[in-house]
Amino acid sequence: MIDLRLVREDPDAVRASQRLRGEPESAVDDLLAADERRRLAVQAFEALRAEQKVLGRQVPAAAGDERAALLAKTKDLAAEVRRTEGVVAARDADLRAAQLALPNVVAAGVPAGGEDDYVVLREVGTPPDIADPRDHLELGERLGAIDIERGAKVSGSRFYFLRGVGAQLQLAMFQLAVAQAVERGFVPMITPALVKPASMEGTGFLGAHAAEVYRLEADDLYLVGTSEVPLAAYHGDEILDLSAPVRYAGWSSCFRREAGSYGRDTRGIIRVHQFDKVEMFSYCRPEDAAAEHAALLAMEEEMLAKVELPYRVIDVAAGDLGSSAARKYDCEAWVPSQGRYREVTSTSNCTTFQARRLGVRYRDAEGRTQVAATLNGTLATTRWLVAILENHQQPDGAVRVPAALRPYLGGRELLEPVAG
RNA sequence: GGAGACUUCGCCUAGUCUGGUCUAUGGCGCCGCACUGCUAAUGCGGUUGGGGUUAACCGCCCCUCCCGGGUUCGAAUCCCGGAGUCUCCGCCA
């Protein structure tokens, strides 16, 4: 939810942001108009209400004709108060709708344009030179690590079983991620995967992402697509001490309907309905948000270095940001079987946009309450297994274990194909 | 699944039966000031959050007693619905 004050005071900045995103500038003017209409309604209501209270207080003291006249007057006034109150409620709803229609203002420096207009900030590491690379599914099946067929049998397409060393490899990677997070002062969290509509709504996932979300009709609950949802809602309607950023690392399963992605990434576990993820989430003061964003990106790059993956970092273009983000950096790991980079992490600076709707605040130096900033970033997900298996594959189909993961795999240096 | 109790401005709490100076009591904590050689103690004052008005402040006004409706000139208080917490019973892992 955008800051109304900013829209009032600097509408041109918001219009410029809309242009960068390729979205209509008229949304800004709609919001300004709705704001004006609401304030007029509020003033009308409050004037009547104040009068009603003054007269109401005179009733107990009055008697006889005076009292009767007073009651007649206040009765009329009560009806009028009720009517204007209804107008305020309607104007409030209009204002909120107009406010929700506006995405976050993009940060300075974000590239204009859409999905393909990202800017590559850097490439790190060198893609391995592998002749005829096997893809992750073939490798995973040979290792007895991934079972797609039975995933489909049991649950349908885009489901899978991680088994044997596959399950162990994921656990190893997540433990490495959690260990790194704890070392840096993140509080590890295992979060609910089911949340109430208010939590889903508050984090903005029922807007453009609504079709992506699983809903449990009978219980009016949603399956989260990322632990960003419970971690953001965690401090909803609270006033935090943000003298230093408050940091969490949430481990949860994530569920996505993948509606509209038919035919894309149908092979293997690149795009699935359920996966696991360790997600970083920070609450901080708005003035600290850019630095925090850089810190989250550094955390991601450190993890990628530990699992020894070649990757590049892209600055995502305005049109591809998502409504809450002011800026987003993705890390994309090299996938040998595809000969290209694929997204494995994503870190967003949501500034105050998400926290405003969730009611997450802090006290500034003057003791006033201010809206906090929130940021999130990926520290490890199931999809990383794709890049790990493929980049570390050996000619015989074995897979070398990156050194950092070995302690979590009983010291194993090599995962070898199993018979059958 | 069933029954009951509860939810008040950071925490605890009075007020709810019997609607109106509740413009919400008191304690704790916190902040400021005074006193004191320091600490402590004591005294005085302040301390929910949101919104409107304002260039901003001061001030004034509105809303806020879990949430949403209703009754009434007037609701923390009465009525209806909902959420949450706790206790007990049942069922199940």
Side-chain angles (χ1 to χ4, degrees), chain A residues 1-13 31-100 191-202 215-222 230 233-243 246 283 285-286 352-372:
Chain A
M1 193 157 65
I2 199 164
D3 184 3
L4 260 184
R5 188 160 306 168
L6 174 70
V7 180
R8 283 179 198 153
E9 290 173 1
D10 196 0
D12 285 338
L31 179 56
L32 284 171
D35 179 42
E36 180 64 25
R37 279 196 300 270
R38 187 195 77 104
R39 274 185 294 167
L40 287 173
V42 164
Q43 284 165 37
F45 163 74
E46 289 188 351
L48 285 170
R49 181 72 174 142
E51 188 183 353
Q52 181 188 32
K53 289 177 75 167
V54 169
L55 292 181
R57 272 196 292 271
Q58 296 170 8
V59 170
D65 289 349
E66 193 189 346
R67 185 185 172 91
L70 208 49
L71 284 181
K73 200 170 173 186
T74 50
K75 191 159 190 168
D76 289 346
L77 198 53
E80 192 64 3
V81 165
R82 195 164 311 195
R83 192 185 64 76
T84 53
E85 195 172 18
V87 173
V88 170
R91 296 285 181 271
D92 264 332
D94 291 348
L95 176 62
R96 188 171 174 81
Q99 205 172 0
L100 293 179
T191 65
L194 285 167
V195 299
K196 299 196 281 190
S199 303
M200 205 50 132
E201 213 158 69
R215 169 151 186 251
L216 280 78
E217 181 99 35
D219 300 284
D220 201 17
L221 290 170
Y222 291 93
Y234 187 67
H235 285 304
D237 294 319
E238 293 182 18
I239 297 175
L240 305 177
D241 175 6
L242 291 183
S243 47
V246 172
Y283 297 90
R285 297 179 186 137
T352 59
F353 190 86
Q354 191 175 54
R356 183 167 294 106
R357 180 150 38 157
L358 287 164
V360 182
R361 292 161 299 166
Y362 69 100
R363 283 191 200 284
D364 64 16
E366 284 77 45
R368 306 175 71 104
T369 55
Q370 302 283 355
V371 178

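The figures here come from the full heavy-atom set of this structure, side chains too, leaving out hydrogens, waters and symmetry mates. Lettering follows sequence order; numbering is per chain, from 1.
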Colleague: If you assign each of Thr74(A) and Arg67(A) to its closest nucleotide in RNA chain B, which residue comes earlier from the 5' end?
Modeller: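 Whichever sits nearer the 5' end wins; that is Arg67(A).
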Colleague: For atom P, what is the distance between rA76(B) and rC22(B), given to the nearest Å?
Modeller: 13 Å
Colleague: So Arg8(A), base contact, sugar-phosphate only, or nothing? Heavy-atom distance under 4.0 Å.
Modeller: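 Sugar-phosphate, backbone atoms only, no base.
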Colleague: Can you tell me the distance, in whole Å, between the CD atom of Glu51(A) and the C1' atom of rC60(B)?
Modeller: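 Rounded to whole Å, this separation is 17 Å.
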Colleague: Take atom CZ of Arg91(A) and atom P of rG52(B), then tell me their distance rounded to the nearest Å.
Modeller: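 Value for this atom pair: 16 Å.
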Colleague: Roughly how many Å apart are rU54(B) and rG70(B), using the C1' atom of each and rounding to a whole number?
Modeller: 38 Å
Colleague: Check Met1(A) against Arg357(A) and note the closest heavy-atom contact, atom names and distance.
Modeller: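 Met1(A) and Arg357(A) have their closest heavy atoms at CE-CA, 3.7 Å.
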Colleague: Nearest whole Å is fine: how far is rG51(B) C1' from Asp3(A) CG?
Modeller: 14 Å
Colleague: For Pro192(A) and Pro230(A), work out which heavy atoms get closest and say how close.
Modeller: O-CG, 3.6 Å
Colleague: How many whole angstroms separate atom CD of Gln52(A) from atom P of rA75(B)?
Modeller: 7 Å
Colleague: Measure from the side-chain N and O atoms of Arg67(A) to the backbone N and O of Val59(A), and report whether any donor-acceptor pair falls under 3.5 Å.
Modeller: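 Looks like yes, one N/O pair under 3.5 Å.
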Colleague: Can you find a side chain N or O atom of Lys53(A) that sits less than 4.0 Å from OP1 or OP2 on rC61(B)?
Modeller: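 It does not, given that no N or O in the side chain of Lys53(A) lies less than 4.0 Å from OP1 or OP2 of rC61(B).
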Colleague: Expressed as a whole number of Å, how far does the C1' atom of rG4(B) sit from that of rA93(B)?
Modeller: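 So the two C1' atoms sit 26 Å from each other.
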Colleague: Rounded to the nearest Å, what distance is computed from the CD atom of residue Glu85(A) to the P atom of nucleotide rG68(B)?
Modeller: 11 Å
Colleague: Using a cut-off of 6.0 Å, state whether more than 12 heavy atoms not belonging to Tyr234(A) lie near its atom OH.
Modeller: no
Colleague: Please determine if a side-chain N or O atom of Arg49(A) lies less than 4.0 Å away from the OP1 or OP2 oxygen of rU64(B).
Modeller: no
Colleague: Identify the nucleotide, in any strand shown, that forms a Watson-Crick or G-U wobble pair with rC33(B), with both distances under 3.5 Å; if there is none, say none.
Modeller: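 rC33(B) is paired with rG43(B).
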Colleague: Rounding to an integer number of angstrom, what distance separates rC58(B) and rU53(B) when you compare their P atoms?
Modeller: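 Nearest-Å result for rC58(B) against rU53(B) at atom P: 16 Å.
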Colleague: Please state how far atom NZ in Lys75(A) lies from atom P in rU72(B), giving the value in whole angstrom units.
Modeller: 7 Å
Colleague: Given that Ala78(A) and Glu9(A) both sit by RNA chain B, which one's nearest nucleotide is further toward the 5' end?
Modeller: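 Upstream on the strand: Glu9(A).
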Colleague: Tell me: CG of Leu48(A) to P of rG74(B), nearest whole Å?
Modeller: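 Interatomic distance, CG of Leu48(A) to P of rG74(B): 13 Å.
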Colleague: Between the side chains of Arg38(A) and Asp92(A), is the shortest nitrogen-to-carboxylate-oxygen separation below 4.0 Å, so that they form an ion pair?
Modeller: yes
Colleague: Any strand is fair game: report the nucleotide pairing with rG4(B) by Watson-Crick or G-U wobble, both distances under 3.5 Å, or none.
Modeller: rC86(B)
Colleague: I'd like to know if the side chain of Gln99(A) reaches the main chain of Ile2(A), judged simply by a donor and an acceptor atom lying under 3.5 Å from each other, with no hydrogens or angles considered.
Modeller: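 Here the side-chain-to-backbone pair exists.
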Colleague: Which distance, rounded to the nearest 0.5 Å, do you find between the CD of Glu80(A) and the CD of Gln52(A)?
Modeller: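 Spacing of CD (Glu80(A)) from CD (Gln52(A)) equals 11.0 Å.
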Colleague: Do any side-chain nitrogens or oxygens of Arg361(A) fall under 4.0 Å of OP1 or OP2 in rG50(B)?
Modeller: yes
Colleague: Can you list, by residue number, the residues of residues 35-46 of chain A that have a non-hydrogen atom closer than 4.0 angstrom to RNA chain B?
Modeller: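 Within residues 35-46 of chain A, the residues near RNA chain B are Arg38(A), Arg39(A), Gln43(A), Phe45(A), Glu46(A).
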Colleague: Counting just side-chain N and O atoms, does Arg57(A) come under 4.0 Å of either OP1 or OP2 of rC22(B)?
Modeller: no
Colleague: Who does rG20(B) pair with, Watson-Crick or G-U, both distances under 3.5 Å?
Modeller: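 When the pairing criteria are applied, rC73(B) turns out to be the nucleotide that pairs with rG20(B).
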Colleague: Is Arg96(A) atom CZ crowded by more than 12 heavy atoms from other residues, nucleotides or ligands, each under 6.0 Å away?
Modeller: no
Colleague: With rounding to the closest Å, how many angstrom separate the C1' atoms on rU64(B) and rG49(B)?
Modeller: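 After rounding to an integer number of Å, I get 7 Å for this pair.
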Colleague: Which value, in whole Å, describes the distance between the C1' atoms of nucleotides rG74(B) and rG82(B)?
Modeller: 26 Å
Colleague: Test Arg8(A) against every option in Asp3(A), Asp35(A), Leu31(A) by the side chain to side chain contact (heavy atoms under 4.5 Å, CB included) rule and name the one that passes.
Modeller: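 Among the candidates, only Asp35(A) passes.
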Colleague: Counting Watson-Crick and G-U wobble pairs only, both distances under 3.5 Å, name the nucleotide matched with rC28(B), or none.
Modeller: rG10(B)
Colleague: Write down the distance separating the C1' atoms in rU7(B) and rG68(B), rounded off to the nearest Å.
Modeller: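 My reading of the C1' atoms in rU7(B) and rG68(B) gives 16 Å.
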Colleague: Between rC6(B) and rG15(B), how far is it from one P atom to the other, in whole Å?
Modeller: 13 Å
Colleague: For rC92(B), what is the paired nucleotide under Watson-Crick or G-U wobble rules, both distances under 3.5 Å?
Modeller: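 In the structure as shown, rC92(B) has no Watson-Crick or wobble partner.
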Colleague: Could you state the CE-P distance from Met1(A) to rG51(B), rounded to the nearest angstrom?
Modeller: 10 Å
